[in-house]
Amino acid sequence: MNVLTVFLITAGALMAIGVFGILTRSNIIKILLSINILQTGVNLLLIALGYRDGGAAPIITSQVSSAVAMVDPLPQALVLTSIVIAFGTTAVGLVICLNYYMTHKSLDVHTFGNEEREHQQKEVVD
Amino acid sequence: MKNRYQSLIDIAGLIIVGIAVYLVGTALTDTSVAGKGMNSADFKQRVSYRYVIKSVEPSAKMEVKWGESGYEESSANIVTSIVVNYRGFDTLGEVLVLFASSAAVSLLILKRVPKKTFPPTQIMTSSVPLVNLLVFILGSFIILHGHLTPGGGFPGGAIIASGVILMALVFKKAFRPQMYLMLESIAGMGILIAGLLGLMYGESFLKDFFPAGQIGELFSSYFAMILYTLIGIKVAVEISNIGFHFISESKGEEAV
Amino acid sequence: MTAFIVVIGTVMCAGGIAVLFVRSLRSAAVINGVVSLLAALVFVMMKAYDVAITEAAIGAFLSTALYFFAIRRIDEAKDKKGAGDGDEE
Amino acid sequence: MKGLNATLFLILPLITAFLLPLGALVHKRFGKMLNLATYGIGIGLGITMLIPTLLTGGAVLNMGGWPAPYGISLYLGPLALCSGIVIYLIALLIEINDINKSRTTYYHLLFNLFVFASIAMVMTTDIFNLFVMMEIGSIAVAGMASSANMRMGSRGGFKYIVMSGLVSMLMLAAIGLLYSATGTLNIAHLASRTADVLNPSFALIVGLGILFALFFEMEQFPFNSWIPEIYEGSSSSFTAALAGIGGIAGTAVLGRIVFTLLQDGYLFYGTFAKLSAVIFTVAIASIVIGEIAALNEKNLKRTLGYSSVAQFGLILAAFACGGSNGALAGIYLALSHTVAKPALLFIAGYFTRVSGSGDWRDMKGIGRKFPLLAGAFIAASLSIMGVPLFFGFWGKFELLQVLLKSGVFGAVAFGAVLFGSIFEGIYLLRIGHSFFVQTSKENMTRYQPKGTLLTAVPVLILVALIVFLGVYPQSIVRSFERIAADLVDKAQYVKFVLPTAALLPPGGGL
């Protein structure tokens, strides 16, 4: 079982755990945490797909010239972007969770009761 | 308030995810059928091979060595050359993602009612400035050496932002959103102007119109340095802006 | 080398599962930070040093800091209202 | 400076987004004036480039000066330019409709980023760049959606963020897998690969990953649990942006992916039949569920939200049929929806403010006080239903023809579309009728006009467009055929975007 399949299996497992967490958790902060785990899993998958056994890091130094077999640099550039996107989504998600808590007084997703419905009738938006 | 059906939901979720993992796993790994499957693109055929040998047009020279110059892209760190030069528009989009999330946080955050918090002890107030000094030096080193060593605008900016948030936690500085918004838009405007300059001199947006430097020198890739500095400032300001909004009592709203 | 990575992989998956089932939100955030740090370590092993620094700086440290700020604000709002059901569900 | 016009057309909202914070100090209403000016200039720029683009096929902007498969290149062809002009038009009308509503700088900033992301989504020829632009769009929408009403906004915003996070990560995984198999990220380069064929099951997974993100973008059934809260909980001008701008951008991107990347390409040779079956099932489910939900919905804005779900289902069904008349039907439907739905939402927002309640049963007899707006509501809903002499008719007529010719799925979709149109007729005309019904005296006194007459201007412009294009569509039929050709004709797209073969490496069979 070479190193690459271990990376791919770990990435796949993390993605599965993230999706499982989104489907089953009822606490909104935990749903955001599982989205974070899903995002870490996908980042791992992308880098693992660019991995080359025994490849050198894609930086040209005095010892390493470009003739040396290098790891694929493109997925690394993509994952750099994806990590910052994950941070942006987490920040906005957390603010929305705070507002959800301030208005619904609970971190639970299932808050839709009649108390909720009569709230909606009163408020008119726009 | 345990949900009555929680165990049922867990089992159902487990079944769904299990089936999905099985289907996707077999689909990605079965090589019985002809056709290119996962990870089957040979490294030399990939687009990234052209970035490694730094010549998009076919050229005789297939090897880039340390200290040589005259290539189309002169930064030693190939990932930086991709992020800044070859796929610069992605990075512009990237900076906009942070810009959008920092604006969304400032738009949506509510006024915070702080509980009784303990004033920072003497140890904190004396040690944090020292720690921050090192943090800022490390952050700016990572930004400025983005094209030589691993790092660049994003990690450097994040490290500086963590220092700024640490200072806000300890010293409760008066947080003025306008100053941050100004810095953000100036840095963003800087990136756009760099792009338009590329359009003026190099007839395409975000073109690196600087002379090719020597690979490995500090001042080899001016374009990477300039763009990464602007990105570093913008990332640092935006992340500390997001952090401030979570910490501060004042609602950023009425200030603007 | 492969055994070492298998160990790290199982620890990360165990951390991922722990985040979902642990009771307190704060410990869930800490475990998520640990999983991100281990991911940064795995990135180093995969020769992706740029990504390792960014993942450690943004993914591990700043996301966890954000979660802690948010949970603190929820606690403050909870105490003000008294009966709200706590994050320790 | 060859590409200046095209580059400016793209980055105009960006320049405004960065100028807004500086301007907010100068004058409180600076943001609104800047926005109005930007969208006006955007439309002007677009129209100056319209004729040459329609004739010659437009310009390719290579970002950073690198040729196509190696850098990110943006193709401003007929499809991208017309979508861009319509996006700027809808944005301008939204700003006019918001003329007396005080919005913070952050809201204007997010709105500009949303407009930029929609235009860049349509122009880009790089899948990862498409992912980044969709991500900017969804963060901006999440920010704006929850800003009006905290209670419903946070519910809808949370569902939106969770669904967007899940779906965008599936698309990112699919892009990573596709890159690992083909070695390139450029759509034109992928479409031009005649050497290799993807392993069918692998291609199915990759195709589904990308399509799920597009289904989310087009508010289709399994991914649109956030529709009721966001359509009711946020301001009507924002929902007009979501339905109008998001709709046309999503259609153009969906068309580009389905026709250029997935359809009869060498890569997805064996799997397009399965993928179009998936698109058909999602479309039919969205049409049926959207119409039924809209039928027993009490709140006016939620009804319009569900009707958008159904309308986008029609577009999906049109694209799933493939071929140039499928593309033509999809583009007709997209444009007629983008023109009619914002008008309905503006009127719904205005009537909600006037009658003080979101429920359309409390708006009885409001048409007697505002005959113009109520009449416009009926005209726009007739166009959505596809009644002749209105613009929506041509799209639906074309769609029904093309559905008949595409197999069993086409027949089922044909039934669903007819069924949907009947339901549309019922719930839209029921609302239109209740506007003109006799009502009590105190109701009539309650309806006092709010805000300046200026808010009626965008509605009248849109309705005038609907009627003009409905009665005399020949004026735009030729350019629509050109757009459909740009969408369907793979060889022309590859010829424009990819440089001559000389650039590709000698030995490398990329």
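Because only heavy atoms are used, hydrogens play no part in the values below, and waters and symmetry mates are left out as well, while side chains stay in. Chain A is the first sequence line, chain B the second, and so forth, proteins listed ahead of strands; every chain is numbered from 1.
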Of all the heavy-atom pairs spanning [X] and [Y], show the shortest one and how long it is.
{"X": "Ala103(B)", "Y": "Leu109(D)", "result": "CB-CD2, 3.4 Å"}
{"X": "Ser106(B)", "Y": "Tyr106(D)", "result": "CB-CZ, 3.4 Å"}
{"X": "Lys36(B)", "Y": "Phe202(D)", "result": "O-CD2, 3.9 Å"}
{"X": "Ser204(B)", "Y": "Asn62(D)", "result": "CB-O, 3.4 Å"}
{"X": "Val132(D)", "Y": "Glu94(B)", "result": "CG1-N, 4.1 Å"}
{"X": "Ser147(D)", "Y": "Leu107(B)", "result": "CB-CD2, 3.7 Å"}

Interface residue of largest heavy-atom contact number with chain B, from [options], under 4.5 Å:
{"options": "Gly143(D), Ser146(D), Gly64(D), Gly176(D)", "value": "Gly64(D)"}
{"options": "Leu204(D), Leu61(D), Ile11(D), Leu8(D)", "value": "Ile11(D)"}
{"options": "Leu20(D), Leu19(D), Leu10(D), Ile139(D)", "value": "Ile139(D)"}

Under 4.5 Å heavy-atom distance to chain D, tell me which part of [X] shows up: side chain, backbone, both or neither.
{"X": "Leu92(B)", "result": "side chain"}
{"X": "Tyr51(B)", "result": "side chain"}
{"X": "Leu96(B)", "result": "both"}
{"X": "Ser48(B)", "result": "both"}

Between [atom1] of [X] and [atom2] of [Y], what distance do you get to the nearest 0.5 Å?
{"X": "Thr124(D)", "Y": "Asp90(B)", "atom1": "OG1", "atom2": "CG", "answer": "8.0 Å"}
{"X": "Asn199(D)", "Y": "Met38(B)", "atom1": "CG", "atom2": "CE", "answer": "10.5 Å"}
{"X": "Leu177(D)", "Y": "Asn39(B)", "atom1": "CG", "atom2": "CG", "answer": "9.0 Å"}

Within a strict 4.5 Å, meaning less than it, do heavy atoms of the [X] and [Y] side chains meet?
{"X": "Phe89(B)", "Y": "Leu74(D)", "value": "yes"}
{"X": "Met150(D)", "Y": "Leu108(B)", "value": "no"}
{"X": "Thr182(D)", "Y": "Gln45(B)", "value": "no"}
{"X": "Met200(B)", "Y": "Leu4(D)", "value": "no"}

Checklist entry - Do Trp66(D) side-chain atoms and Lys207(B) backbone N/O form a donor-acceptor pair below 3.5 Å? => result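 Answer holds: no.
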
Checklist entry - Would a distance-only check, ignoring hydrogens and angles, find a side-chain to backbone donor-acceptor pair under 3.5 Å from Tyr86(B) to Ile72(D)? => result no

With a 4.5 angstrom heavy-atom cut-off, is it the side chain or the backbone of [X] that approaches chain B, or both, or neither?
{"X": "Tyr179(D)", "answer": "both"}
{"X": "Leu178(D)", "answer": "neither"}
{"X": "Asn129(D)", "answer": "both"}
{"X": "Asn186(D)", "answer": "neither"}

In terms of heavy-atom pairs under 4.5 Å, which option from [options] contacts chain D the most?
{"options": "Ser102(B), Gly88(B), Ser55(B), Gly188(B)", "answer": "Gly188(B)"}
{"options": "Val24(B), Asn85(B), Leu206(B)", "answer": "Asn85(B)"}
{"options": "Ala100(B), Gly195(B), Ala187(B), Ser101(B)", "answer": "Ala100(B)"}

Item to check | side chain to side chain contact (heavy atoms under 4.5 Å, CB included) between Phe18(D) and Glu184(B), worked out | outcome: CA-CA 8 Å; Phe18(D) 289 134; Glu184(B) 238 178 316; over 6 Å; no

